[in-house]
Amino acid sequence: MANSNIQEIIEKQVLTVAKAVEDKLDEEIAAFERLDEDDLEALRERRLQQMKKMAEKRNRWISLGHGDYTEIFSEKDFFSIVKASDRVVCHFYRENWPCKVIDKHLSILAKQHIETRFLKIHAEKSPFLAERLKITVLPTLALIKNAKVDDYVVGFDQLGGTDEFSTEDLEERLAKANVVFLDGESSVSSKATTQTKRNVRQSENHDSSDSE
């Protein structure tokens, strides 16, 4: 009897939601039908302008190196790069397995999130920068917005405490810091691809000599 009542409640809730969605759709259709030729032309023109602005923005991002995961070798380059881009993810690394795990995930995310610049820099070869940004554990991701370090991802503690985390896990952590966008014209969310949900260790057998 209890199960029957619960089922009835669920069915009523589903019908209520379906009716609300249907009503909303009917409103949108009615509003569209009320548009005259001038209204439609204005909508098309506004959409074209939005697309043009987005294309200009994407071209600017690409000219600044967005879309690739790149290594920088000069501490001076770091400052000029973070001033040029609104959002930067910088991986402070050394040659070990944990840092290579981060490399693989960031290589994927750099292509999906053209709105953000993805970098790596060797921490031990950048002592001034590492000291200034208080980099003490590797790998560390410095999450930079408007030329200021806003947040850090240190090691794997925020990613489940293991190198078994997925690209999507890291993407969601970066999105939480607002350094990448999960939705919008500038990004291609990893939720739509199976590649990013795949664990890096599952996707490639690694040589045990990589780890320290």
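All figures in this text were calculated on a predicted structure; none of them were measured in a lab.
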- Message: side chain to side chain contact (heavy atoms under 4.5 Å, CB included), that's the test. Do E168 and E172 meet it? Break it down for me.
- Response: CA-CA 6 Å; E168 189 177 32; E172 290 177 353; 3.8 Å; yes

- Message: Same cluster or not: L138 versus W97, using hydrophobic residues (I, L, V, M, F, W, Y) connected whenever any side-chain heavy atoms lie under 4.5 Å apart?
- Response: no

- On a heavy-atom basis, the closest approach of Q112 and E171 is OE1-OE2, 4.3 Å

- Would F165 end up clustered with V179 when hydrophobic side chains under 4.5 Å apart are linked, directly or stepwise? yes

- Message: Testing the basics here: between A110 and Y69, what is the closest heavy-atom pair and its distance to 0.1 Å?
- Response: CB-N, 3.7 Å

- Item | Spacing of CG belonging to L141 relative to OH belonging to Y93, to within rounding of 0.5 Å | 14.0 Å

- Got a donor-acceptor contact below 3.5 angstrom from the T140 side chain to the F92 backbone? no

- Derivation and outcome, side chain to side chain contact (heavy atoms under 4.5 Å, CB included), residues L119 and T70: CA-CA 5 Å; L119 308 170; T70 52; 3.6 Å; yes

- Under the 3.5 angstrom rule, does the side chain of H113 hit a backbone N or O of F181 as a donor-acceptor pair? yes

- Here the pair of heavy atoms bringing A130 nearest to A123 is CB-O, 4.0 Å

- Message: Determine whether a donor-acceptor pair (N or O, by modelled atom type, separation under 3.5 Å) exists between the side chain of E75 and the backbone of L129.
- Response: yes

- Message: What's the separation between atom NZ in K104 and atom OG1 in T167, rounded to the nearest 0.5 Å?
- Response: 11.0 Å

- Compare every heavy atom of V88 with every heavy atom of S85, then report the nearest pair and how far apart it is. CB-CG2, 3.9 Å

- Cluster link V101 to L174, ILVMFWY, side chain under 4.5 Å: yes

- For F78 against C90, the heavy-atom pair lying closest together: CE1-SG, 3.9 Å

- Nearest 0.5 Å please: distance from the NZ atom of K145 over to the CG atom of N178. 4.5 Å

- Item | Over 12 foreign heavy atoms within 6.0 Å of CD, E56 | yes

- Going hydrophobic residue to hydrophobic residue with side-chain gaps under 4.5 angstrom, can you get from L159 over to L106? yes

- Query: Is it the case that D77 and S80 place a side-chain donor and acceptor less than 3.5 Å from each other?
  - Reply: no

- Task: Classify the angle between the aromatic ring planes of F79 and F128 as parallel (below 30°), tilted (30 to 60°) or perpendicular (above 60°).
- Result: tilted

- Carboxylate-amine/guanidinium proximity below 4.0 Å for D151 and R173: yes

- Note on the structure: CG (L143) and OH (Y152) are apart, to the nearest 0.5 Å, by 9.5 Å

- Query: So how far is it from W61 CH2 to R117 CZ, rounded to the nearest 0.5 Å?
  - Reply: 14.0 Å

- Query: Quick one: do V180 and L64 end up in the same hydrophobic cluster if we chain Ile, Leu, Val, Met, Phe, Trp and Tyr together by side-chain heavy atoms under 4.5 Å apart?
  - Reply: no

- Task: Could you tell me the separation between the CD1 atom of I135 and the NE2 atom of H91, rounded to the nearest 0.5 Å?
- Result: 10.0 Å

- Note on the structure: In short, I102 meets P139 closest at the heavy-atom pair CG1-CG, 3.8 Å

